[in-house]
Structures are given as C-alpha cells and as structure tokens.
Amino acid sequence: MGDVPPAYRRSPVFIVAGSLYVEPAERDAYLESCLEVVRQARATPGCVDFAIGPDLVEPGRINVYERWESDDQLLAFRGSGPTQEQETAILGAEVHRYRISAVEAP
C-alpha cells in the first residue's frame with residue numbers, strides 16, 4: 001500500500017458526513033475556530049479521519065467528514081459539543097451517520 005498511513009488501511013465502522021451553513025462572511029472565522037477541535041479529534045483513539053473545510057462552490061457552506069471505529073469513541077470525543085459561539089453561527093446543518101458494510105478501492 002505504499003505510503004498510506006495505517007489509519008487509512010483499517011475498515012472504519014461508520015462515517016459522519018454532511019454540511020454546515022454559516023454566513024459567508026463568517027465562514028473563515030468559523031473554520032479557524034474549529035482548528036483545535038480537528039487536532040483533538042485526530043488525536044482521539046478511534047478517530048480514523050476528521051476534516052472540516054470550506055465548500056468550493058457555496059460561500060456559506062462547510063463540509064464535514066469524519067470516520068470513527070466505534071460509537072463509544074465518537075461519543076467520548078463529542079463531550080460537550082460545539083462552543084456557544086459555534087452553535088450560534090450555524091444557520092443550518094445536514095449531517096448524517098453512515099454505517100459501512102465494506103471498504104473497497106475505487
């Protein structure tokens with residue numbers, strides 16, 4: 001598998017993915033406020049991948065992508081959830097958990 005990190009070779013149990021919507025003018029500040037959360041998530045046992053980033057087409061959209069090995073590990077990480085400022089900034093969200101039965105190469 002070459003230089004693929006070990007975390008990418010595992011079969012994750014589930015993916016959390018979707019979109020958050022914030023005011024376009026506030027998106028960069030919102031993403032900056034998420035930097036430490038992304039670092040913490042990636043260092044958490046059971047987190048295979050965790051990414052939050054700007055959408056290339058919609059200026060107020062933020063794409064969310066997470067892979068976790070277990071529900072318990074995700075819930076332990078979530079703890080108190082987003083800060084009050086982050087929660088207030090979110091105008092809408094469509095994020096879902098997807099259970100995976102198999103992982104295959106594209």
Side-chain angles (χ1 to χ4, degrees):
M1 281 208 189
D3 293 333
V4 176
Y8 286 91
R9 294 183 210 141
R10 294 184 228 150
S11 295
V13 173
F14 63 89
I15 292 173
V16 176
S19 304
L20 305 176
Y21 295 89
V22 298
E23 288 293 337
E26 301 299 319
R27 184 174 72 179
D28 289 345
Y30 183 91
L31 288 168
E32 188 174 321
S33 77
C34 295
L35 182 59
E36 189 55 34
V37 171
V38 173
R39 286 185 179 132
Q40 290 174 1
R42 290 180 179 178
T44 299
C47 179
V48 179
D49 195 8
F50 193 101
I52 301 172
D55 187 79
L56 296 176
V57 176
E58 296 179 53
R61 179 176 163 169
I62 296 169
N63 296 315
V64 176
Y65 178 81
E66 307 173 34
R67 287 192 300 170
W68 291 90
E69 292 179 345
S70 78
D71 291 300
D72 291 341
Q73 290 166 317
L74 169 64
L75 293 174
F77 168 73
R78 285 284 194 261
S80 60
T83 66
Q84 181 64 38
E85 293 85 17
Q86 288 173 327
E87 197 169 304
T88 301
I90 298 171
L91 303 175
E94 186 176 333
V95 179
H96 301 284
R97 186 179 309 195
Y98 300 90
R99 301 260 174 220
I100 310 170
S101 62
V103 177
E104 302 173 350

Are side-chain heavy atoms of Leu74 and Phe14 found at a separation under 4.5 Å?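 Yes, their side chains come closer than 4.5 Å.
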Does the side chain of Tyr30 come within less than 4.5 Å of Glu23's, by heavy atoms?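 No - every pair of side-chain heavy atoms lies 4.5 Å or more apart.
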[atom1]/[X]: more than 12 non-hydrogen atoms of other groups inside 6.0 Å:
X	atom1	answer
Leu56	CG	no
Glu58	CD	yes
Glu36	CD	yes

Taking all heavy atoms of [X] and all of [Y], pick out the closest pair and write down the distance.
X	Y	value
Cys47	Ala41	CB-O, 3.0 Å
Arg27	Asp55	NH1-O, 3.1 Å
Leu20	Ala93	CD2-CB, 3.7 Å

Any sub-3.5 Å donor-acceptor pair from [X]'s side-chain atoms to [Y]'s backbone N or O?
X	Y	answer
Arg42	Phe50	yes
Gln86	Ser33	yes
Arg61	Ser19	no

Between [atom1] of [X] and [atom2] of [Y], what distance do you get to the nearest 0.5 Å?
X	Y	atom1	atom2	answer
Arg78	Thr44	CZ	OG1	10.5 Å
Glu26	Glu85	CD	CD	12.5 Å
Ile15	Ile100	CD1	CD1	3.5 Å

Are Ile90 and Val16 connected in the hydrophobic side-chain network, where two residues link if heavy atoms are under 4.5 Å apart?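 The answer is yes; both residues are in one hydrophobic cluster.
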Same cluster (ILVMFWY, side-chain, under 4.5 Å), Tyr21 and Val95: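 Each belongs to a different hydrophobic cluster.
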Residues Arg97, Asp71; criterion side chain to side chain contact (heavy atoms under 4.5 Å, CB included); working and verdict: CA-CA 10 Å; Arg97 186 179 309 195; Asp71 291 300; 2.4 Å; yes
